[in-house]
Amino acid sequence: MSKALRLVVVVVALVAFGMATVSVAAEFYVVKGKDGKQAVVDKKPADAKAIVKGPFKTKAEAMKAAAAKAPKAGAAAKKPLKLPDAGC
């Protein structure tokens, strides 16, 4: 009976440890404040509209995403090709 009890205790301890490490895993978000500035936070904000990008697994990924500039809404990515005047 002692070996079975020991096995149960070890299994319960491993499950508890596994659940604790999952809950400790942080997620990082890029958010925009009321003043219009972006910041990286480690908790999901209550206002979902404040989230610009995310979630990210590391703070470095979130910082890189925050530094990347998004294209403007009206700007085209490439100039259209000019068609030749004479046809084939």
> For residues 31-46, which residue pairs qualify under side chain to side chain donor-acceptor pair (under 3.5 Å), counting only residues two or more places apart or in two chains?
Replying inline: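 Residue pairs with at least one partner in residues 31-46: there are none.
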
> Which other residues belong to the hydrophobic cluster containing Val12, where Ile, Leu, Val, Met, Phe, Trp and Tyr are joined when side-chain heavy atoms lie under 4.5 Å apart, directly or via other members?
Replying inline: Val8

> Should side-chain heavy atoms under 4.5 Å link Ile, Leu, Val, Met, Phe, Trp and Tyr, which residues sit in the same cluster as Ile51?
Replying inline: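 Via sub-4.5 Å side-chain contacts, Ile51 links to Tyr29, Val31, Val41.
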
> Looking at residues at least two apart in the chain, or sitting in another chain, which of them share a side chain to side chain contact (heavy atoms under 4.5 Å, CB included) with Asp47?
Replying inline: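 Side chain to side chain contact (heavy atoms under 4.5 Å, CB included) check on Asp47 returns Lys49, Ala50.
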
Using residues 54-66 as the side-chain source, report each donor-acceptor pair under 3.5 Å to any protein atom, sequence neighbours left out, with the distance given to one decimal.
{"unit_1": "Thr58", "atom_1": "OG1", "unit_2": "Glu61", "atom_2": "N", "d": "3.2"}
{"unit_1": "Glu61", "atom_1": "OE1", "unit_2": "Lys57", "atom_2": "N", "d": "3.4"}

